[in-house]
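Naming convention: chains lettered A, B, ... in sequence-line order (proteins, then strands); numbering from 1 in each chain.
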Amino acid sequence: MKLSPSQFWRIRESQYRLIITECGSCGRKSVFKRSVCPFCGSSNVKHVESEGFGKVLDVTKVMYRWNSSDERPPLLVGVVELDEGVRVVGEIVGVGDNEEVKEGTRVEAVLRRYASDDPYGVIYYGIKFKPIKTA
Amino acid sequence: MKLSPSQFWRIRESQYRLIITECGSCGRKSVFKRSVCPFCGSSNVKHVESEGFGKVLDVTKVMYRWNSSDERPPLLVGVVELDEGVRVVGEIVGVGDNEEVKEGTRVEAVLRRYASDDPYGVIYYGIKFKPIKTA
Amino acid sequence: MGAYIVSGAVVKVDRHFERGYRDLAYDVVKECPDCLDVDYVVISSALPELTAHQVDLSTHIAQWLGRRVPVVRVESGETSGLAAVDLAASLVSSGRNRRVLVLGLEKVTDYPTYVTNYFYSLILDYEFEVLRSVSPPAYAALVMKELMRGGVKRECFSSWAVKMHENATSIPHAMLRFKISYDSFKDSQVLAEPLTLHDSFALGDGAAALVVSSSPNTNASSVEIVFSATEVGLPAYLRENISDLTASVKLLKLSLERYGLDLKKVITELHDSYTPYPIAILRSLGYLDGGCDLNEFEYLNTSGGLKARGHPIGATGVYQAYEVFKLLTDRLGSKTASTDYGLVHSMSGPDNVSRVLILKR
Amino acid sequence: MGAYIVSGAVVKVDRHFERGYRDLAYDVVKECPDCLDVDYVVISSALPELTAHQVDLSTHIAQWLGRRVPVVRVESGETSGLAAVDLAASLVSSGRNRRVLVLGLEKVTDYPTYVTNYFYSLILDYEFEVLRSVSPPAYAALVMKELMRGGVKRECFSSWAVKMHENATSIPHAMLRFKISYDSFKDSQVLAEPLTLHDSFALGDGAAALVVSSSPNTNASSVEIVFSATEVGLPAYLRENISDLTASVKLLKLSLERYGLDLKKVITELHDSYTPYPIAILRSLGYLDGGCDLNEFEYLNTSGGLKARGHPIGATGVYQAYEVFKLLTDRLGSKTASTDYGLVHSMSGPDNVSRVLILKR
Ligand SMILES: [Zn+2]
Ligand SMILES: [Zn+2]
């Protein structure tokens, strides 16, 4: 499957930054830049940017190959709760051999490679999460 | 889009040879190896092979690029009526610079390249039609 | 129980670079507040897997719009839109649903033209047509040639294109709102001889919404779906004459006869992906045999058709139904009509499948 | 007017290397002569554009079968099959159609596993989940971990897998007709820790046919569709608890309450793409809180479920409905049942959308 630069470009703000949609109707917050609140369907929303810090709610190590990208297993995928109280799903990277990522691990948002078509193709970047060293 | 060798393999008989489906119910014939008569829906069919000769019913020169194959325009696409009285659609190749293909031109079936994924990919072959030189 | 179109909206057919499937869905329902007061949503879309890598588009659209209402996606190539309207009519007629939103969505301008052309060509039979280098314009060209052998002049096809562009000038949501000249085909890119770009539909992104209800509006602003039918045609290469679009002709003939309608008087939207198709259909129905005077038809493709309003593949049928609905109940752009019936015709490829809808005010 | 399932057939879920979409369609209707005595065909299929390069599959299938009858394709990811049954029920209830064929078709074994895995992953949100490396097993693993934190033992998920394989041994059309041991997960390939292949559905090609009619058969061999409902869930990452499959649970709860049914007694086919999902659902419904004794349930996934009968994505819902129909009216393989109601549950991804059907004999 070929990627589409224009498709990625349209969602660039939600991929390059951690945008939070705040609902003026139900008061709930959701990740990504949305026109409508996913909880209540209201269009009365505004957008703010997350500071980019949070903690891992849960994580799994994906061990099988499920696409043709150069990124091969294993990779860590988890749900992160941002300090703003919003949840987001994504990859967790930069974990050393002797480190463990688990429930509660503090993480920060970093920009990393998502995908590319081929050696000469466009490379897509977006948000992933990296454990914050506490040493 | 990647081609699927197994998909092509399943229809190999209809691509490598000109199979005709004859209906025992309505008596009509149709091109390709079919389980069901496309005219009347009967499964009472048998398959024979065409001798591979026929005449062009009509032809058009396709001048625009509509896929990513290495085959670029122009190419000739037409409906051929086989001598067995069956019609089939396909590409007409092997036409010299000073030759003209038109309604009534006699053609014969030849095996030519259909498509390939990439320089190292599988190449698919199938039936195309070539004018019969009458000189 | 009956089925009525009671509300609707469309976005301009265009190259909406900044809008994807979900944005287009948002844009169109924003224009139609009561489009979200429904108990079922049928999304028609032909290409989201190919152009946007998305399976189960309908669920993701519902989630994006923050709706929990039952939703499904319907696809049947270029006829996806009318197929969705047909199902919506049954959904409300069954008594199981009160109001159904039909949402036609298509995003087709994200790739170079030859890639989109390839996706579009997959409406044909991949194994027996596409692999053999047969594409939709090739069939349209063969139909055109057969018609020309039968006496139709080149100018007849051009007059269709000219008329469509002219019609589109008064339609705000049309993609190509400018006039073209009768001989513009001479300088137009040849797709497949003798068919040129001048004879081809305009490909654009689109979103169209219609509410189908089990009861009419209390004011006059609704139309009844009195007839909806589908017919599958023979593969084009198996036909006696490739220009016999028998499925379309059969359905249209039946429609006109059953309701005593005259195509010259009734609001009609014909599927004109390529100019030879409406010309072939009109001739088979007994029109245009003395020439090619399209002005005989009072309300034929008022929208500008696929040619000029544009053709957002899986959404087009919903646009057509919306346009007829608007003409019957109010106005379409600056156009009005004084007739009680409207006819919508859709087909995929060279009449592989055809669908017809009759609306009555 | 009512809606009744009056006839049906399935082919074995398997790697049918020699059969494509049209061959599978032919195979299944051949087993069901009155499946072609219909006035409408609804084809459910989730992946034909991706696995077979085919748009407008339904028209090409109708042409291949030599039928001119109205036809359309319905898609909603893994729930496509039940979505098609739901629409068929409305098509006949509306009085517009007498008999509707629902034809579930999927061809998924033409590519290396990682390619098919990728196509399948597109049931998730491509832009916000797939591009972020989130795949269906990752969500299933996160659900499993949350359940384990809540006290569910690893063996509970295994017992589901064991039970499904055991059930499938008596089902001729099941893909995996062999027993597995409780601790087979220990040697099973890890998909996403702690989820293993042992916890995952079997992916196979499939074709299933059902005739939905506006009137029952005169003999006892038909069932009534008494309830059919759909609910869209929140994206998984937005949920308070990822193991709360609220759309599924809501629909199942409503079904059980409205018809006074007990899941321990009623014929039920639950969507068990991954073992954590049925376990999560059963627990939310108030079952299994004292442990994990699946033998409490008399007719739970008699077919072997997606786990062992197999999961031909867009066809699966039609298989499930067929199986419940057979159990209610006759027998399924060597299994019989003595109860009047049957329940079918389908969902796509981690409860992105859920559908439930209740059949009554
Ligand atoms: Zn809200
Ligand atoms: Zn026959």
When heavy-atom pairs shorter than 4.5 Å are enumerated against chain C, which of D/S348, D/P235, D/A62 gives the highest number? D/P235
Chain C contacts, top residue of D/I43, D/L238, D/L234 (heavy-atom pairs, under 4.5 Å): D/L234
Reference residue C/H53; test ring pair (Phe, Tyr, Trp, His ring centres under 6.0 Å); the match among D/Y118, D/F119, D/Y126: D/Y126
Heaviest contributor of heavy-atom pairs below 4.5 Å to chain C, chosen from D/T230, D/V353, D/D125, is D/D125
Considering only heavy atoms, which portion of C/A89 lies under 4.5 Å from any heavy atom of chain D: side chain, backbone, both, or neither? both
Chain C contact via D/L124 - which portion, at a heavy-atom distance below 4.5 Å: backbone
Shortest non-hydrogen contact between C/R96 and D/I225, atoms and distance: NH2-O, 4.1 Å
Non-hydrogen atoms of chain D under 4.5 Å away: do they reach the side chain of C/R73, the backbone, both or neither? both
Counting heavy-atom pairs closer than 4.5 Å to chain D, which one of C/V130, C/V92, C/L87, C/L57 comes out on top? C/L87
One should read off an interatomic distance between C/N97 CG and D/S90 OG, to the nearest 0.5 angstrom, of 5.5 Å
Could you go step by step and tell me if D/V55 and C/L50 meet the side-chain contact (heavy atoms from CB on, under 4.5 Å) rule? CA-CA 10 Å; D/V55 176; C/L50 300 171; 3.9 Å; yes
Would you mind checking which part of D/V69 comes under 4.5 Å of any heavy atom in chain C, side chain (CB onward), backbone (N, CA, C, O), both or neither? backbone
Below 4.5 Å, heavy atoms only, C-beta onward: do C/L122 and D/E49 meet side chain to side chain? no
Which is it for D/E127 and C/Q54 under the side-chain contact (heavy atoms from CB on, under 4.5 Å) test, yes or no, and what are the steps along the way? CA-CA 9 Å; D/E127 296 179 351; C/Q54 191 64 68; 5.7 Å; no
Side chain from CB out, backbone as N, CA, C, O: work out which of these in C/R67 comes under 4.5 Å of a heavy atom of chain D, or both, or neither. backbone
Under 4.5 Å from a heavy atom of chain C, the part of D/Y40 involved: side chain
If the contact rule is any heavy atom under 4.5 Å from chain C, which residues of residues 76-83 of chain D qualify, in numerical order? D/S76, D/G77, D/A83
How far does CD of C/E75 sit from CD of D/E75, to the nearest 0.5 angstrom? 9.0 Å
Would you check if D/H60 and C/I123 make a side-chain contact, meaning some heavy-atom pair closer than 4.5 Å? no
